[in-house]
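As the structure is a computational prediction, the values presented were derived from the model and not from experiment. If you read the sequence from its start, that first residue is 1, and numbering goes on from there.
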Amino acid sequence: LANGRWDGSNIRPKPEILAMTQSSGNRIHMGSLMVIVSIKGFEKPSSEWIVKARIVFRGDAVKDEENQAAVFDDIAASAPTSLGGLNLIVAYGLLDGNETSTSDCIKAYVQSFLDSSCPTYVLLPAELVPDYARHMYQPVAPLIRSLYGHPLASAAWQNHLSNILST
């Protein structure tokens, strides 16, 4: 497994997956991954740079088995904190004797499994294709974990977190 995000042991050529699903009548979603690389602290001397990379799902270009725009069964949107709620927390923290802080969850989305009625396959960028699959035309792998950019990732993470907090 590629860090558990997609099934690296099940990489196959995209045309093979499409032919299989079309002949069986099964539905799938097909998307691609994008690697984003940035330099944190670019304004500082190069000795202080931190190179960061992130793999995201191209949620703007998800197709189905017939190469049509994918339709998701459920518009699963998480409920982001409202501006009013944020203002209330800030106001509470400003009162004498109170304090507020924030925190971010490290690698939040990939902690949750992708919950979708259709198997989702990802077209791997060249830099993520393992040596044994380099000969394949358009290598794809089943997506297992939620990735930033997938339309259902936010809801999957929210459900995962709710389950953790309620146990």
message: Is it the case that the side chain of Asp7 and the backbone of Pro142 share a donor-acceptor pair, with hydrogens and angles ignored and the cut-off at 3.5 Å?
response: no
Joint hydrophobic cluster, Trp6 plus Leu123, side-chain heavy atoms closer than 4.5 Å: no
Run the side-chain donor-acceptor check on residues 51-65: report pairs under 3.5 Å with partners two or more places apart or on a different chain.
{"from": "Arg58", "atom 1": "NE", "to": "Asp60", "atom 2": "OD1", "distance (Å)": "3.1"}
{"from": "Arg58", "atom 1": "NH2", "to": "Asp60", "atom 2": "OD1", "distance (Å)": "3.3"}
{"from": "Arg58", "atom 1": "NH2", "to": "Asp60", "atom 2": "OD2", "distance (Å)": "3.0"}
{"from": "Asp64", "atom 1": "OD1", "to": "Glu66", "atom 2": "N", "distance (Å)": "2.8"}
{"from": "Asp64", "atom 1": "OD1", "to": "Asn67", "atom 2": "N", "distance (Å)": "3.2"}
{"from": "Asp64", "atom 1": "OD1", "to": "Gln68", "atom 2": "N", "distance (Å)": "2.9"}
{"from": "Glu65", "atom 1": "OE1", "to": "Ile28", "atom 2": "N", "distance (Å)": "3.1"}

task: Examine Val140 and Val129 and state if one hydrophobic cluster contains both, with Ile, Leu, Val, Met, Phe, Trp and Tyr joined whenever side-chain heavy atoms are less than 4.5 Å apart.
output: no
- request: Working to the nearest 0.5 Å, report the span between CD1 of Ile144 and CZ of Arg5.
  value: 11.0 Å
- line: Taken in chain and number order and not counting sequence neighbours, the residues that satisfy side chain to side chain donor-acceptor pair (under 3.5 Å) with Asn26 are Ser24
task: Could you walk me through whether Val90 and Thr100 pass the side-chain contact (heavy atoms from CB on, under 4.5 Å) test, one step at a time?
output: CA-CA 7 Å; Val90 169; Thr100 59; 5.9 Å; no
task: Measure across Val71 and Arg27 and return the closest heavy-atom pair with its distance rounded to 0.1 Å.
output: O-NH2, 3.6 Å
query: Got a second to check how far Cys118's SG is from Met30's CE, nearest 0.5 Å?
result: 11.5 Å
- prompt: side-chain contact (heavy atoms from CB on, under 4.5 Å) with Leu161: which residues, sequence neighbours excluded?
  reply: Trp157, Leu165
message: If I take atom CZ from residue Arg12 and atom OH from residue Tyr121, how far apart are they, to the nearest 0.5 angstrom?
response: 6.5 Å
statement: Residues passing the side chain to side chain donor-acceptor pair (under 3.5 Å) test with Ser162, sequence neighbours excluded, are none
Return a table of donor-acceptor pairs under 3.5 angstrom between the side chains of residues 33-49 and protein atoms on other chains or two or more places apart.
{"from": "Trp49", "atom 1": "NE1", "to": "Gly41", "atom 2": "O", "distance (Å)": "3.4"}
{"from": "Trp49", "atom 1": "NE1", "to": "Phe42", "atom 2": "O", "distance (Å)": "3.3"}
{"from": "Trp49", "atom 1": "NE1", "to": "Lys44", "atom 2": "O", "distance (Å)": "2.9"}

Pairs satisfying salt bridge (charged side-chain N to carboxylate O under 4.0 Å, His left out), at least one member in residues 114-140, at least two apart: Asp131-Arg134
field: Residues in side-chain contact (heavy atoms from CB on, under 4.5 Å) contact with Ile11, at least two apart in sequence or another chain
entry: Leu124, Pro130, Tyr132, Ala133, Met136, Pro139, Ala141
message: Rounded at 0.5 Å granularity, tell me how far NE2 in His160 sits from OG in Ser146.
response: 9.5 Å
- prompt: How would you list, by chain and number, every residue that makes a side chain to side chain donor-acceptor pair (under 3.5 Å) with Thr21, sequence neighbours excluded?
  reply: none
For Gln22, all residues meeting side-chain contact (heavy atoms from CB on, under 4.5 Å), sequence neighbours excluded: none
